[in-house]
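Numbers here simply count residues along the sequence, with the first being 1.
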Amino acid sequence: MAEQLTLTVSLRGTREVRANCQIFRLTGLLDAFSEPTFRKVMGNYVTQGPSNLVLDLSGIDFVDSSGLGALVQLVKKAKDAQGSLQLIANPRVMQTVKLVRLEKFLAIQPSVDEAVANLG
C-alpha cells in the first residue's frame, strides 16, 4: 500500500516499499522552492532503505535546475548506499534533462515496471 507524501504545497506524491526498492510517484513542481524539502526527505528514505529508488516523475509539471541538482545528488546518495536510482520522465521533464545533457547520467526508463526490472 502506498503512503501519502506531502513534501511542500507544490510537491506531493506517494511512497511504496517493495522487497528490493522504494517507488515514489511525484506530482507538482520540483523547483527551487520544493528542492530543499525534497532533498532532505528523499535522503532520509535512502538512509532508511532499501537504497534502490524508482522515481516516477510522469506527474511532474515543472522541473528547474535546482530540481535537477537534487536528482543528481540523490543518484550519488543512492550509489553511496549501494543502491541505484531509476527515473520515469514525462516530455516536459525529459526536455529539461536533455537541455543540460543529463539523460545518460540519470537512468530514465519508460515505465515503473521496467525501472523495477532494471534494478537488477
Side-chain angles (χ1 to χ4, degrees):
M1 177 166 214
E3 119 190 32
Q4 292 292 320
L5 300 175
T6 303
L7 300 166
T8 67
V9 171
S10 62
L11 183 63
R12 298 177 184 273
T14 61
R15 173 181 173 252
E16 176 186 346
V17 179
R18 295 192 183 171
N20 69 332
C21 70
Q22 300 181 71
I23 301 170
F24 298 89
R25 290 178 172 87
L26 302 176
T27 60
L29 310 175
L30 185 51
D31 57 8
F33 176 75
S34 61
E35 177 270 332
T37 302
F38 171 80
R39 188 185 301 246
K40 180 180 176 186
V41 169
M42 296 304 293
N44 289 339
Y45 282 129
V46 171
T47 302
Q48 287 177 19
S51 56
N52 287 318
L53 308 176
V54 174
L55 258 62
D56 182 351
L57 303 181
S58 59
I60 291 291
D61 297 319
F62 176 76
V63 62
D64 68 4
S65 59
S66 299
L68 290 177
L71 292 174
V72 168
Q73 290 300 315
L74 192 55
V75 168
K76 292 177 181 178
K77 188 164 184 74
K79 285 183 180 179
D80 288 347
Q82 312 305 314
S84 68
L85 173 70
Q86 304 286 313
L87 293 177
I88 296 85
N90 64 31
R92 286 180 300 275
V93 172
M94 197 64 193
Q95 179 182 19
T96 307
V97 167
K98 285 184 175 180
L99 185 67
V100 294
R101 300 177 186 222
L102 282 174
E103 65 270 18
K104 291 198 168 80
F105 181 78
L106 299 172
I108 299 175
Q109 304 299 328
S111 70
V112 171
D113 289 338
E114 289 187 50
V116 170
N118 201 42
L119 290 171

Scan the side chains in residues 8-15 for donor-acceptor partners under 3.5 Å anywhere in the protein, sequence neighbours excluded, and list what turns up.
{"unit_1": "Thr8", "atom_1": "OG1", "unit_2": "Ser10", "atom_2": "N", "d": "3.2"}
{"unit_1": "Thr8", "atom_1": "OG1", "unit_2": "Ser10", "atom_2": "OG", "d": "3.3"}
{"unit_1": "Thr8", "atom_1": "OG1", "unit_2": "Leu11", "atom_2": "N", "d": "3.0"}
{"unit_1": "Arg12", "atom_1": "NH1", "unit_2": "Thr6", "atom_2": "OG1", "d": "3.3"}
{"unit_1": "Arg15", "atom_1": "NE", "unit_2": "Gln22", "atom_2": "OE1", "d": "2.7"}
{"unit_1": "Arg15", "atom_1": "NH1", "unit_2": "Glu3", "atom_2": "OE1", "d": "2.8"}
{"unit_1": "Arg15", "atom_1": "NH2", "unit_2": "Gln22", "atom_2": "OE1", "d": "3.1"}

(message) Please tell me whether Ile60 and Phe24 are part of a single hydrophobic cluster in this structure, the criterion being side-chain heavy atoms less than 4.5 Å apart.
(response) yes
(request) Can you measure from CG (Leu119) to CZ (Arg18) and round to the nearest 0.5 angstrom? (result) 10.0 Å
(request) Mind checking the CG-NZ spacing from Leu85 to Lys77? Nearest 0.5 Å is all I need. (result) 13.0 Å
(request) Please report the closest heavy-atom contact between Leu68 and Val63, naming both atoms and the distance. (result) N-CG2, 4.0 Å
(request) Please report the closest heavy-atom contact between Pro50 and Val17, naming both atoms and the distance. (result) CD-CG1, 4.0 Å
(message) For the CG atom of Leu71 and the CZ atom of Arg39, what is their distance to the nearest 0.5 Å?
(response) 9.5 Å
(request) Identify the two heavy atoms, one from Ile88 and one from Pro110, that lie closest to each other, and give their separation to 0.1 Å. (result) CG2-O, 4.1 Å
(request) Can you see which heavy atom on Asn52 is nearest to which on Ser84, and at what distance? (result) OD1-N, 3.0 Å
(request) Could you tell me the separation between the CZ atom of Phe33 and the CG atom of Leu7, rounded to the nearest 0.5 Å? (result) 11.0 Å
(message) For Leu57, run the side chain to side chain contact (heavy atoms under 4.5 Å, CB included) check against Leu26, Thr27, Val97 and tell me which one passes.
(response) Leu26
(message) For residues Ile23 and Val46: do they belong to one hydrophobic cluster (side chain heavy atoms under 4.5 Å, members Ile, Leu, Val, Met, Phe, Trp, Tyr)?
(response) no
(message) A side-chain contact here means heavy atoms from C-beta on lying under 4.5 Å apart; do Leu55 and Met42 qualify?
(response) yes
(request) Find the distance between OG (Ser65) and CG (Leu99) and round it off to the nearest 0.5 Å. (result) 10.5 Å
(request) Sort and list the pairs that fulfil side-chain hydrogen bond (donor to acceptor under 3.5 Å, both in side chains) and have at least one residue in residues 90-106, not counting sequence neighbours. (result) none
(request) Establish whether Val75 and Val116 are linked, either directly or via other cluster members, by ILVMFWY side-chain heavy-atom contacts under 4.5 Å. (result) no
(request) Would you tell me whether Asp56 and Ser58 have side-chain atoms, one donor and one acceptor, within less than 3.5 Å of each other? (result) yes
(message) Rounded to the nearest 0.5 Å, what separates atom CD in Glu114 from atom CD in Gln86?
(response) 10.5 Å
(request) Of all the heavy-atom pairs spanning Ser51 and Ala81, show the shortest one and how long it is. (result) OG-O, 3.0 Å
(message) Side-chain heavy atoms nearer than 4.5 Å, only ILVMFWY residues, links allowed to pass through others: does that put Phe105 and Leu30 together?
(response) yes
(request) Please check if Phe38 and Leu106 belong to a single hydrophobic cluster, counting links between Ile, Leu, Val, Met, Phe, Trp and Tyr side chain heavy atoms closer than 4.5 Å. (result) yes
(message) Quick one about Asp31 and Ser34 (side-chain donor to acceptor, distance below 3.5 Å, no hydrogens or angles considered), yes or no?
(response) yes
